[in-house]
Amino acid sequence: MSAISRPIWIILGAISIAFHLWLIFSGLVPNLVSRPIHMALALPWALIFVAKTRAQNISGAILTVIGLIGCGWIVFNHASLADQYGFLMGNTQIAIAAVLLGIVLEMARRAIGWPLPMVAGIALLYALFGEYVPGEFGHAGLPVESMLGTLTIAEGGLWGSLTGVSVSIVAIFVIFGAVLNAGEAGQGFMNVAGAAAGRLKGGAAKVSVISSALFGSISGSASANVASTGAITLPAMTRLGYPKRLAAAVEAVASSGGQIMPPLMGAGAFVMVELTGRPYVDIMVAATLPAFLYFLAVWVGINAFAMRFDLPGVPKEDRPTMRAVIITSCFFLVPFTILLWGMFGGGYTPQYSACLALVVGAALLLLDGNLSFDLARTKDRFTDVCLNAGRQVAMIGSIILCASIVIGVLGLTGLGVKITSLLLSGSGGMLWPALLLTALACLILGMEVPTTAAYVICVSVAGPALIELGLDPLQAHLFVFWFALLSTITPPVCGAVFIAAGMVEENWLKVAGTAMALGIGLYIVPLAMVANVSLIDLGSEPVWAIAAGLKVAVGLTAISYGLISPRPLIVRIGLALAGAIAIFAAGI
């Protein structure tokens, strides 16, 4: 934490929470008001909170003040700026626009590192100088006043639809997640997992799978998931004699699945709402069967490893009592029930439903697993909510603001259309080669930028090509979103694996190899969604969707045993081939 005192950060977090909640209940607020304020609230967290040296503190403070002035100028002049239709007037406006873009790049750099800001910076250079690029990838040239204006005073760049998603939806669910994480919900996840799977063969690993799936559904971050649930599950597995590479791989793979696990999923799911025009409920329902199949493959993989190693269950004395399970599970089941009732029964928007669930979750912070109240503990919990929500909203906001620059440039210059044409020609106009090229692009981009940003950029350029080749838009988006996750467990850059390997002090390459075998569903399920179109139709065609799910489940089970079990090689090859045929032949 920077030199600014802790109480100030708590206040800033509380202001961010209050603002985003107020937006839900306040009615219509102009986009050129709400979205610049969203950035303004993120500035100190992205530029000062993460500072590690005095120089970073000072420069962060200066940039924060300048950014606040720029955002404030947009807010106070929003009515007149809207009449300029994205065209800047005078050098002062050009300077403000350039400064705002530069500060967004620096926010993202300090929040998540160089790669995404570098992509955005290259995009800006292309917009400015792309007219000098020879061949079909050049563009006709853009007036600086128009290019910068579209990105900074119109709703086509920094204040575009992606930022709108961050303001109105992602922020609310991040706050909701912070509330759940501050209380007993995390322990409830662990207790439910321990009661459900603790006694089974490989029970400690299966506890990790269930708890990480539940926790990941509200955290939306594989790395955060590994660090939190892994602190409990990894020592438990290694203490019972599980190979370190297997223990770390189980945690990394299970934690990565949190971003595809309904009901909350990650920030990318809410961005998908905006990009596809489909309601969040539709996306959540469509993602349910694929997510189940992913975790099924992990579960089967653990069973296959149990044929190689002695993987005992959790000792009886370490398993939670039924009373503890029932009480602590209510700390997440009650808010989740309110959330789902609001979306499905009450007919409310996802963000309004999350607000209702958030209020209930906040009330539950008053109690612990013994249903006792403690004022000091409650104060600490609400403090944690303010700090974690303020930081996480700012980090995601910084990512989305930076990605919005890339999306804005793609639209302004027509580069997205050109890359789409290149993808179509490179695949020979055939769907499966285009899918493989897209998957490779997702893996490469995902190595260096967060999942949400990788998904947004890849789907912006590859999505239209996949749709033109016959995929339903939701199919295309889910395919890209899943493959944007590949880098969490796939070398050479595999963040979840690095963290888990470090926590058990094991060679990360060994962990990565095991994780890829356990997480085979991450590679196969997106392809299965294309080969079996009914797989994502659970809401409209439940019978056919379940039939497709069973078919893919059988195939995944065979492939997992083929990869992992200690059977003779010829048997394993036969199992893998049979599994592939079951998944991809005559899709349902």
Side-chain angles (χ1 to χ4, degrees), residues 111-113 115-116 205 208-209 211-230 233-234 245-261 264-269 271-272 287 290-291 293-295 297-298 301 392 395-396 399 403 438-459 478-504 506-527:
I112 57 171
L116 179 60
S208 173
V209 172
S211 59
S212 295
L214 291 170
F215 183 84
S217 71
I218 63 170
S219 74
S221 167
S223 299
N225 201 347
V226 171
S228 54
T229 60
T233 61
L234 288 172
R245 66 180 178 87
L246 175 59
V250 167
E251 183 58 45
V253 171
S255 296
S256 298
Q259 293 182 75
I260 53 175
M261 181 69 181
L264 301 190
M265 304 168 70
V271 174
M272 197 181 300
L293 290 168
Y294 174 81
F295 284 103
V298 181
Q392 291 170 10
M395 184 184 72
I396 294 175
I399 293 170
T438 302
L440 180 62
C442 289
L443 174 60
I444 293 171
L445 189 60
M447 287 179 186
E448 297 295 344
V449 303
T451 301
T452 300
Y455 156 66
V456 168
I457 296 171
C458 280
V459 85
L478 284 172
F479 177 87
V480 173
F481 184 54
W482 271 64
F483 271 109
L485 276 170
L486 283 183
S487 61
T488 59
I489 63 171
T490 307
V493 179
C494 37
V497 165
F498 286 148
I499 295 171
M503 292 175 73
V504 298
E506 178 59 283
N507 182 293
W508 71 271
L509 277 174
K510 293 181 180 179
V511 176
T514 307
M516 292 171 69
L518 270 177
I520 189 65
L522 194 58
Y523 304 87
I524 293 179
V525 173
L527 300 172

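No experiment lies behind these values; they were computed from the predicted model shown.
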- In Å and rounded to the nearest 0.5 Å, what is the CG to CZ distance from Leu440 to Phe483? 10.5 Å

- Determine the minimum heavy-atom distance between Pro526 and Phe479, stating which atoms define it. O-CD1, 3.6 Å

- Item | Stepwise side chain to side chain contact (heavy atoms under 4.5 Å, CB included) check, Thr452 with Ile396 | CA-CA 9 Å; Thr452 300; Ile396 294 175; over 6 Å; no

- Derivation of the side chain to side chain contact (heavy atoms under 4.5 Å, CB included) call for Tyr294 and Met261: CA-CA 9 Å; Tyr294 174 81; Met261 181 69 181; over 6 Å; no

- Task: Sort out for me which residue in Ser208, Ser256, Ser211 forms a side-chain hydrogen bond (donor to acceptor under 3.5 Å, both in side chains) with Glu251.
- Result: Ser208

- Query: Can you name the closest pair of heavy atoms from Ile489 and Ala252 and give their distance?
  - Reply: CG2-O, 4.2 Å

- Message: To check you understand the geometry: which heavy-atom pair defines the closest contact between Ala205 and Val250, and what is its length?
- Response: O-CG1, 3.5 Å

- Task: Check Ala484 against Ser487 and note the closest heavy-atom contact, atom names and distance.
- Result: O-OG, 4.0 Å

- Message: Quick one, Ile524 with Leu293, criterion side chain to side chain contact (heavy atoms under 4.5 Å, CB included). Give me CA distance, side-chain angles, the key distance, then yes/no.
- Response: CA-CA 10 Å; Ile524 293 179; Leu293 290 168; over 6 Å; no

When the side chains of residues 508-522 are checked against the rest of the protein, which donor-acceptor pairs come out under 3.5 Å, sequence neighbours left out?
from: Thr514; atom 1: OG1; to: Arg245; atom 2: NH1; distance (Å): 2.6
from: Thr514; atom 1: OG1; to: Lys510; atom 2: O; distance (Å): 3.1

- Item | Val226 vs Phe498, side chain to side chain contact (heavy atoms under 4.5 Å, CB included): CA-CA, chis, key distance, verdict | CA-CA 10 Å; Val226 171; Phe498 286 148; over 6 Å; no

- Item | Taking every non-hydrogen atom, the tightest pair across Ala500 and Ala248 | CB-O, 3.4 Å

- Note on the structure: dist Phe481:CZ -> Cys458:SG (nearest 0.5 Å) comes out at 12.5 Å

- Message: Can you tell me which residue among Leu485, Thr438, Thr490 is in a side chain to side chain contact (heavy atoms under 4.5 Å, CB included) with Leu443?
- Response: Thr490

